[in-house]
Amino acid sequence: MKVFTLKKRRDFLKAASELKAVVNGVVVQAAFTLPDNNNEDICFVGYTATKKLGKAHIRNRVKRRLRAAAQNVLPLNAVAGAKYVLIGRHNTADLNFAYLVKKLTEAIKDINSQINMKNEAK
RNA sequence: CAAGACGGCCGGACAGCCGCACCGCAGCAUGACUGCGGCGAGGAAAGUCCGGGCAUCGGGGGAACAAGGCACCGGAUAACGUCCGGCUGGGGAGACCCAAGGGAAAGUGCCACAGAAAUAUACCGCCGAAGAUUCUUCGGUAAGGUUGAAAAGGCGAGGUAAGAGCUCACCGCGGCGGUGGUAACAUCGCCGGUCCAGGUAAACCCUGUCUGAUGCAAGACCAAGUUAGGGGCGUUAAGGUGUAUUUGCUCUUUUAUAAAGUAAAUGCAAACCAAACGAUACGGAGUGUUCCUCCUCCGCUCCAGAGGUAGGUCGCGACGAGCCGUUUAGCAAUAAACGGCCAAGAUGAAUGGCUGUCGGUUUGGGCUUGCCCAAAUUACAGAACCCGGCUUAUAGGCCGUCUUGUUUU
């Protein structure tokens, strides 16, 4: 599974309007579109750190830790065609890294089950 | 050795695993590709407070006004509100530090409370005279007391009824002159006793001086979708043009006609022009009517892709008021010469994540007194067009110069 980075504002807005899962350390939002035949092995991820978290160097650190955690989690657990948005929380910069990875895995699995339910409903 | 002043510098190191942006090279599977190599945050990158470069807009040149900044003197600089060296005032035992430091006799405002009185005065006093009997009235005085941040020069002597720049010396203040200094200013001499006179201009204000506006989200280029736009054919209304006739008028020539020009009316035209800016008609809307106002104004077909949005490329990477070193000039800021160097470039925004070892600091314990062990802690903070400054944040550490005190020689 290949992971690419979201860069367009409209992708973030779409993810915010569809699915959501909250755990200690991170909030995950997601949107889902059926993948093209050419790109079955692709998912997308974007990172957000608001000014509430702190000054610039703190927000940068939050995004880097989320990026490092996503590298451990997404290639194994992501659903093709999904667009995940990871939002940093007040304690993301300070949490133990292994714990953060574990929590992120829980959140991604939660989102994936929501995606499956939605697909079955269709 | 202790306490302190000033200036400069550093602001973790190494290893392992897994990664990121950009650049270069190579590969073929030619892409949201793979591999290798290079390179990758700060002293403040921060605040966005000044000064510039650069860009666009405006502007013929100059002046004035408004608004805002600045304000002892000289120098440095591309420039500055920055820096350097001085001066003056203030603080400190000293090294040294602090100052928004022009004008208060151009004008206006404000100066609480207290106090008799704050641009003016006499409460208590002191002195004299008169009355009277220990008080009253009149006058003199501002040395003493009281209030206050401040009582109108200070201090000493003379003087006097008591006093007073009333007089004198010194200091201060003002004026003139000499000397030193580029200057701010310093210093010396002479003169001045109604020496008339507080503070505040980070209050208005006055004087001098500087400033065009907007900031890389500037700006330049490419440019989806969509629209504006252009051509052809057909249809015909008002209108224009043309032409014919009649009538009037004008000019030239003339006896007159003719001819020419021009205006109006009428007729003709399947000859041509004319299609939306305006006007007219029809239609619609605004209260039934009128006026007025507004809106709409043919059909078919072909071409085209302007401007600009999304998006992209450039601007944009130390070729520059560049950085490092040496020498020379200068007290210094800095300048010149010579030699060397080319160093991050993202844009939902790379420069990292995790682990271990070693450091630094603090605390506790052990003793062999400078080592060992344990725990905690290891800052402020992340480039965003680029430079010069300022300001603010900052765990901990290093170096140099100087001052004061103590001890020893």
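In what follows, every chain begins at residue 1, and chains take the letters A, B, ... in the order their sequences are listed.
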Exercise for the section: For the residue pair A:Val28 and A:Leu104, establish whether any side-chain heavy-atom pair is separated by less than 4.5 Å. Expected result: yes
Rounded [atom1] spacing from [N] to [M] in Å:
| N | M | atom1 | answer |
| --- | --- | --- | --- |
| B:rG163 | B:rG139 | C1' | 15 Å |
| B:rC188 | B:rU88 | P | 14 Å |
| B:rC57 | B:rG352 | C1' | 45 Å |
| B:rG400 | B:rC342 | C1' | 34 Å |
| B:rG208 | B:rU121 | P | 40 Å |
| B:rG47 | B:rG305 | C1' | 50 Å |
| B:rG128 | B:rU160 | C1' | 12 Å |
| B:rG69 | B:rU214 | P | 15 Å |

Handout entry: N-O pairing of A:Lys109 and A:Glu106 below 4.0 Å
Key = no
Can you see if the side chain of [X] gets near the phosphate of [N] - specifically, an N or O under 4.0 Å from OP1 or OP2?
| X | N | answer |
| --- | --- | --- |
| A:His57 | B:rA381 | no |
| A:Arg64 | B:rU351 | yes |
| A:Arg65 | B:rC354 | yes |
| A:Arg61 | B:rA381 | no |

Completion exercise
In whole angstroms, the gap separating C1' of B:rA384 from CZ of A:Arg59 amounts to 14 Å
Completion exercise
note: A:Asn60, atom CG; B:rG348, atom C1'; distance rounded to Å ~ 12 Å
Mate of [N] where both pairing distances stay under 3.5 Å, Watson-Crick or G-U:
| N | value |
| --- | --- |
| B:rU167 | B:rA157 |
| B:rG128 | B:rC138 |
| B:rA71 | B:rU207 |
| B:rG89 | B:rC98 |
| B:rG177 | B:rC188 |
| B:rU245 | B:rA265 |
| B:rA237 | none |
| B:rG315 | none |

[options]: which one has an atom nearest the side-chain heavy atoms of [X]?
| X | options | result |
| --- | --- | --- |
| A:Arg67 | B:rU351, B:rC354, B:rG382 | B:rU351 |
| A:Lys55 | B:rG352, B:rA381, B:rC354 | B:rA381 |
| A:Ala68 | B:rG353, B:rA383, B:rA41 | B:rG353 |

Practice task
Under the side-chain contact (heavy atoms from CB on, under 4.5 Å) rule, what do A:Tyr47 and A:Val85 come out as? Steps first, then yes or no, please.
Solution key: CA-CA 6 Å; A:Tyr47 310 92; A:Val85 173; over 6 Å; no
Fill in the blank from the handout: Rounded to the nearest 0.5 angstrom, the CZ-CZ distance for A:Phe97 and A:Arg65 is 6.5 Å
Completion exercise
A:Lys63 meets the salt bridge (Lys or Arg N to Asp or Glu O under 4.0 Å) criterion, sequence neighbours left out, with none
Handout entry: Short side-chain to backbone donor-acceptor contact, A:Arg89 and A:Val23, under 3.5 Å
Key = yes
Syn or anti for [N], given that syn means the glycosidic angle lies within 90° of 0?
| N | value |
| --- | --- |
| B:rG163 | anti |
| B:rA41 | syn |
| B:rG165 | syn |

Completion exercise
Of A:Ala56 and A:Thr48, the one whose closest nucleotide on RNA chain B sits nearer the 5' end is A:Thr48
Exercise for the section: Name the residue closer to the 5' end of RNA chain B, choosing between A:Ile58 and A:Ala49 according to the nucleotide with the nearest heavy atom. Expected result: A:Ala49
Exercise for the section: Search all heavy atoms of A:Leu66 against all heavy atoms of A:Leu86 and return the closest pair with its distance. Expected result: CD1-O, 4.0 Å
